[in-house]
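A short worksheet on the structure shown next.
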2 protein chains.
Amino acid sequence: MGRENWQMIRDRLSEKIASGSFSPGDRLPTEPELCQLFGAGRHSIRRAVAALAVEGKLRVEQGRGTFVESAPLINYHIGRRTRFRQNLQEQGLAPGGDQIAAEIVPAPARIALALALEEGAAVHRLLNRGLADDVPISIGLSWYCAARFPDFAERRAAGEAVSDIYAAHGVTDYFRRSTTIFARRAEEEEARLLAQHPLLPVLVVQKTDVDEAGRPIGHSEAVWSADRVQFTFDTDPPGAERTDDRRS
Amino acid sequence: MGRENWQMIRDRLSEKIASGSFSPGDRLPTEPELCQLFGAGRHSIRRAVAALAVEGKLRVEQGRGTFVESAPLINYHIGRRTRFRQNLQEQGLAPGGDQIAAEIVPAPARIALALALEEGAAVHRLLNRGLADDVPISIGLSWYCAARFPDFAERRAAGEAVSDIYAAHGVTDYFRRSTTIFARRAEEEEARLLAQHPLLPVLVVQKTDVDEAGRPIGHSEAVWSADRVQFTFDTDPPGAERTDDRRS
DNA sequence: CCGCATTTGTTCGTATGTATT
DNA sequence: TAATACATACGAACAAATGCG
């Protein structure tokens, strides 16, 4: 009914965090200490802590302790001309990234379809991580035609922007065609790379880039930390002001 | 290490569901029976079941049992002309809805801003639930200027479509201005209304409708079951074909 | 309407494993 | 190596919700 012992503890703990009794980065008292503090068993304490960890308010590290999380928030604007770097820079954040894996593989059916290639055609398969102010915010699986962009992986690994690599191969301008977005629970590996709790949701964003002629040139499926990012889509040309609030 | 006992049980259970040993709607064996079946304690069983419930594969009901869930999936297209009913009908689903609450209140600051009204101006505050084939898919908190649409709540309660109510007040056409979307864990009340697990994520979609002159006429903040709905945004005018796959 | 059996929910105790310092 | 702290696991008891006679 919302007043079970572990829920009471969860709420009291949450309030202590919100009110500043525990500040971001602080280490919480140990579990035995919390047991005494709240007059409860370790099971109840662990359950309350687990619930707050799922909400992103706490981060638990085995052998070290439990810490209060600080949650920045990024508002990522999506439109026809969306560019990762520009988007972050407009919010005063330093865009960054690192390459996790890169290989050339035969295109799976759905990728071939998205890129308008023959199934099995050689494509780059890149796994990248996006950072904002050195905090991981996304993991992107990207696909590009290997014949059209032979050196894509090398250039990307060297830190070159996607826009610049496109430009080097004659794509002077490009657009985002459609974007599909949904949420699911993070997988273990994703949670690790995003440095977030495994039970926290992630936003999965699938999109295809097309060149000026409308031909698809790249496809990506990115996993975003739902705790750190929200997306805004503008469907009205004149840029009227918006409310950018959240969780209110 | 990914092969703890409860994780093994979770995976074995998941496989049984995927392979059809347990079919959607079936009741699982009771916890003591599962203990014997997997040779584990009740803690491990409950943890495995809880994990699958969070993923939406199982639904647990106190006093009745644990059931295998069936998960339909809706692809909701968002654009300038998005309409709830039309959207669902295009996918062969029966749109529906019920009103949970309706009142006239002074506009809070952010609503007044979104609707271009004075703070405190009288606005309708409607809480509605959206259904697809009688399955709950969204809970929407909507706001409309009470002066401009005096009978909005009554008409809505009577089942009239938003478009028709707009039209009855001289709004012959309207558009969706911007859409903001993010994910978070469902709150208890939301989970109950959406008939989904409290730990499952929901997608929160904030949008503002504007009339032909660009004046805001309605604002809504809807919570969508992330397990049943994905969103697609088209940012490329020509309707090129898309891949509608997911979780692949 | 009541009482009982069934089934899941919560809590405690206790022991052992694993990661960090 | 030892101490600390979180992770996993088993057993047991009682509470709460449901369904049935």
Side-chain angles (χ1 to χ4, degrees), chain A residues 1-13 17 22 25-69 188 191-192 195-200, chain B residues 1-13 17 22 25-69 186 188-189 191-192 195-200:
Chain A
M1 303 302 287
R3 51 179 200 282
E4 311 293 342
N5 198 7
W6 70 268
Q7 290 172 323
M8 295 273 292
I9 295 169
R10 175 196 62 190
D11 296 340
R12 286 168 64 189
L13 251 178
I17 294 167
F22 299 126
D26 279 4
R27 211 197 74 177
L28 245 54
T30 67
E31 288 176 351
E33 284 167 342
L34 287 173
C35 290
Q36 193 168 19
L37 180 60
F38 290 108
R42 210 163 82 95
H43 269 109
S44 306
I45 296 296
R46 282 179 60 76
R47 187 150 186 192
V49 167
L52 291 176
V54 167
E55 292 178 23
K57 291 176 181 170
L58 294 176
R59 173 175 36 88
V60 185
E61 296 184 25
Q62 184 173 357
R64 302 212 324 125
T66 303
F67 302 84
V68 180
E69 276 279 31
E188 271 182 38
R192 197 177 57 75
Q196 73 169 32
H197 189 279
L199 279 179
L200 270 174
Chain B
M1 305 301 285
R3 48 179 203 284
E4 312 293 342
N5 198 9
W6 71 268
Q7 290 172 323
M8 295 274 291
I9 295 169
R10 176 197 60 191
D11 295 339
R12 285 169 65 190
L13 252 177
I17 294 167
F22 299 126
D26 279 5
R27 212 197 70 177
L28 244 56
T30 68
E31 289 175 351
E33 283 168 342
L34 287 173
C35 289
Q36 194 168 18
L37 180 59
F38 290 109
R42 194 159 162 246
H43 271 309
S44 304
I45 296 295
R46 282 179 60 77
R47 187 152 185 190
V49 167
L52 292 176
V54 167
E55 291 178 24
K57 291 176 180 168
L58 294 176
R59 172 176 36 88
V60 186
E61 296 183 28
Q62 183 174 359
R64 303 216 322 127
T66 303
F67 302 84
V68 180
E69 277 278 31
E188 271 182 37
E189 176 76 356
R192 196 178 59 74
Q196 73 169 33
H197 190 278
L199 279 179
L200 271 173

DNA chain D contacts made by residues 30-49 of chain A, counting heavy atoms under 4.0 Å: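 Correct list: Thr30(A), Glu31(A), Arg42(A), His43(A), Arg46(A).
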Of residues 58-65 of chain A, the positions that come close to DNA chain D - non-hydrogen atoms, cut-off under 4.0 Å: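 Going residue by residue through residues 58-65 of chain A, the ones with a heavy atom under 4.0 Å of DNA chain D turn out to be Val60(A), Glu61(A), Gln62(A), Gly63(A), Gly65(A).
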Side-chain donor or acceptor of Gln36(A) paired with backbone N/O of Glu33(A) under 3.5 Å: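 Answer holds: no.
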Salt bridge (charged side-chain N to carboxylate O under 4.0 Å, His left out) contacts touching residues 37-46 of chain B (sequence neighbours left out):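 Residue pairs with at least one partner in residues 37-46 of chain B: Glu31(B)-Arg42(B), Glu31(B)-Arg46(B).
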Rounded distance [0.5 Å steps], CZ in Arg10(A) versus OG in Ser44(A):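 Going from CZ on Arg10(A) over to OG on Ser44(A), the span is 12.5 Å.
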Ile45(B) CD1 to Leu37(B) CG distance, which is reported to the nearest 0.5 Å: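 Separation between the atoms: 7.5 Å.
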Does some side-chain heavy atom of [Y] sit less than 4.5 Å from a side-chain heavy atom of [X]?
{"X": "Thr66(A)", "Y": "Arg27(A)", "value": "no"}
{"X": "Ile17(A)", "Y": "Asp26(A)", "value": "no"}
{"X": "Thr30(B)", "Y": "Leu34(B)", "value": "no"}

[X] [atom1] to [N] [atom2], straight-line distance once rounded to whole Å:
{"X": "Trp6(B)", "N": "dA9(D)", "atom1": "CH2", "atom2": "C1'", "value": "13 Å"}
{"X": "Arg27(A)", "N": "dT20(C)", "atom1": "CZ", "atom2": "P", "value": "14 Å"}
{"X": "Asn5(A)", "N": "dA15(D)", "atom1": "CG", "atom2": "P", "value": "14 Å"}

For the student: nearest non-hydrogen atoms of Cys35(B) and Gly41(B), plus distance: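 So the minimum-distance heavy-atom pair works out to SG-C, 3.7 Å.
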Residues which pass side chain to side chain contact (heavy atoms under 4.5 Å, CB included) with Glu61(A), listed by chain and number, not counting sequence neighbours: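 Glu61(A) satisfies side chain to side chain contact (heavy atoms under 4.5 Å, CB included) with Arg59(A), Arg64(A), Phe67(A) once adjacent residues are dropped.
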Partners passing side chain to side chain contact (heavy atoms under 4.5 Å, CB included) against Val54(B) (at least two apart in sequence or in another chain):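 With sequence neighbours excluded, Val54(B) shows a side chain to side chain contact (heavy atoms under 4.5 Å, CB included) to Arg185(A), Leu199(A), His197(B), Leu199(B), given in chain and number order.
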Nucleotide-level pairing of DNA chain C, given in dot-bracket where Watson-Crick and G-U pairs need both distances under 3.5 Å and | marks other strands: .||||||||||||||||||||
